[in-house]
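Following: one structure in structure tokens, then a few remarks.
Bear in mind that the values here come from a model prediction, so they are computed numbers and not experimental data. Just so you know, these numbers use all the heavy atoms, side chains as well, and skip hydrogens, waters and symmetry mates.
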Amino acid sequence: MRMYDIIAKKRDGKELTKEEIDFFVTGYTKGDIPDYQASAFCMAIYFQGMTEEERANLTMAMVHSGDTIDLSSIAGVKVDKHSTGGVGDTTTLVLAPLVASLDVPVAKMSGRGLGYTGGTIDKLESVPGFHVEIDNAEFIKLVNENKVAVIGQSGNLTPADKKLYSLRDVTATVNSIPLIASSIMSKKIAAGADAICLDVKTGAGAFMKNIEDAKELAQAMVSIGNRVGRNTMAVISDMSQPLGRAIGNGLEVKEAIETLSGNGPLDLTELSLTLGSQMVYLAGKASSLEDARAKLEESIRSGKALDKFKTFLKSQGGNEEIVDNPDLLPQASYKFELEAQEDGYIKEIVADEIGNAAMLLGAGRATKESEIDLAVGLVLNKKIGDPVQKGESMITIYANQPDVEAIKQKLYNNITVTTNKVEPPKLIHEIVKQ
């Protein structure tokens, strides 16, 4: 078998066999296939696409290129959730304890963030004492006892994907649905999930800017998951404006507490219940999505979800008192208000640019080496469709620097106020089941 022939076959739009795909992934991971041939192969896929069978075979070849996590000693169906990313995406902080409160095991492997704010681990480390440095045995023990634990990404998971992604990043082949879908799904499957719930974002603050591309990606990932024996569902959700109100690590933990208490932003609450319903249903703990949602709503009302959050934090060294007293979270030295300059209605909040403003405050990482400030960030007091009066605060800025004029200007440049009444954007565009 020669790589040249495999490239030519895909270039001509023909379907590759499992053996040909395995040959490429194994050879490239070992270094036997050079970057220039891998680049040509990715470009051939970019233009010719892949069949559902090819996508599933590519995914599993990448899964088997390195270590896999064995969660079989955890009782029950392990459901993992993945979001394609956005601004103010606090759903994991809400979903982990909420879903676990219904006895669904949430064994979450998370990373640190690169971009607008930190990743799930950075956010949780806003809680004094919380840590993810636990070994696999302790991780599995905590999930069996409490139904929830979070551990940092470790081991040699999907090395083929890491190597291939770096190459795609510099060869203009990132935006390929088969390559994106297999990349995401390989990591979820290698991490030991039995079932997978996907949140595919669309809009200005999302990787997939239009709904057609988001739907194509969601369908590709759901197809891969179901083909390789992982029950998979997806939600296509809006990211034309930040989700919820908080953008920033400690601020998002506080917002998660409010949401688990039943007092969170409507959009974050709705998305958490939609995704949580899928997770509970896939885990076999509800007869339907409607039944799952009713159980989740009851868990919030009864305080069961909030109690599970306290247990989760305490079990990993965190100070659970922050749940009743969020002032124990890191606090910024300065607080500024971004005042509206005219009366009207909020027409547009450019999500990615608002996220960049939070990053400039120190809430996120511009590079892997950047230090995150866990206290700083933004809280949106107005969302799209809300009325606003001149002088009223649209955004509260939490900073550890006395001068935020440049950041204020950036925010003003990316918020549009109009005199005409505006309808808020639709949050849930579609649910993809197969």
Work out which heavy atom in [X] is nearest to a heavy atom in [Y]; give both atom names and the distance.
| X | Y | result |
| --- | --- | --- |
| Leu95 | Ser272 | CD2-O, 3.2 Å |
| Ala56 | Val228 | CB-CG1, 4.0 Å |
| Ser83 | Asp89 | OG-OD2, 2.8 Å |
| Ser183 | Lys187 | OG-NZ, 3.1 Å |
| Ser299 | Leu102 | CB-CD2, 4.4 Å |
| Asn400 | Asp373 | ND2-OD2, 2.7 Å |

Next item on the list: Quick one: do Lys215 and Asp213 satisfy salt bridge (charged side-chain N to carboxylate O under 4.0 Å, His left out)? Show the steps, please.
Entry: CA-CA 5 Å; Lys215 185 175 179 179; Asp213 289 344; over 6 Å; no
In terms of side-chain geometry, is the basic nitrogen of [X] or [Y] positioned less than 4.0 Å from the acidic oxygen of its partner?
| X | Y | value |
| --- | --- | --- |
| Asp80 | Lys78 | no |
| Asp194 | Arg230 | no |
| Lys410 | Glu405 | no |

Going by atom types only, do [X] and [Y] share a side-chain donor-acceptor pair under 3.5 Å?
| X | Y | value |
| --- | --- | --- |
| Asn249 | Ser126 | no |
| Thr92 | Lys81 | yes |
| Asp238 | Ser240 | yes |

Check: Does CD1 in Ile428 sit with more than 12 non-hydrogen atoms of other residues, nucleotides or ligands closer than 6.0 Å?
Finding: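 Correct, the count exceeds 12.
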Check: Is the number of heavy atoms from other residues, nucleotides or ligands within 6.0 Å of OH (Tyr281) greater than 12?
Finding: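 Atom OH in Tyr281 is not crowded, with 12 or fewer foreign heavy atoms closer than 6.0 Å.
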Next item on the list: Test ring pair (Phe, Tyr, Trp, His ring centres under 6.0 Å) on Phe41 and Tyr36 and set out the steps.
Entry: CA-CA 9 Å; Phe41 184 62; Tyr36 60 82; over 10 Å; no
Notebook entry, point to check: Applying side chain to side chain donor-acceptor pair (under 3.5 Å), which residue pairs with at least one partner in residues 315-325 are found, sequence neighbours left out?
Noted result: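 Every pair satisfying side chain to side chain donor-acceptor pair (under 3.5 Å) with a residue in residues 315-325: Lys310-Asp324.
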Next item on the list: Could you check Glu52 against Arg227 for salt bridge (charged side-chain N to carboxylate O under 4.0 Å, His left out), going step by step and ending with a plain yes or no?
Entry: CA-CA 8 Å; Glu52 291 189 359; Arg227 272 179 175 268; 3.4 Å; yes
Notebook entry, point to check: Which word best sums up how the rings of Phe24 and Tyr28 line up, parallel for under 30°, tilted for 30 to 60°, or perpendicular for over 60°?
Noted result: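 Ring orientation, 0 to 90° scale: parallel.
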Check: Is a side-chain donor or acceptor of Gln241 paired with a backbone partner of Ala351 at a separation under 3.5 angstrom?
Finding: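 Between the backbone of Ala351 and the side chain of Gln241 there is no qualifying donor-acceptor contact (under 3.5 Å).
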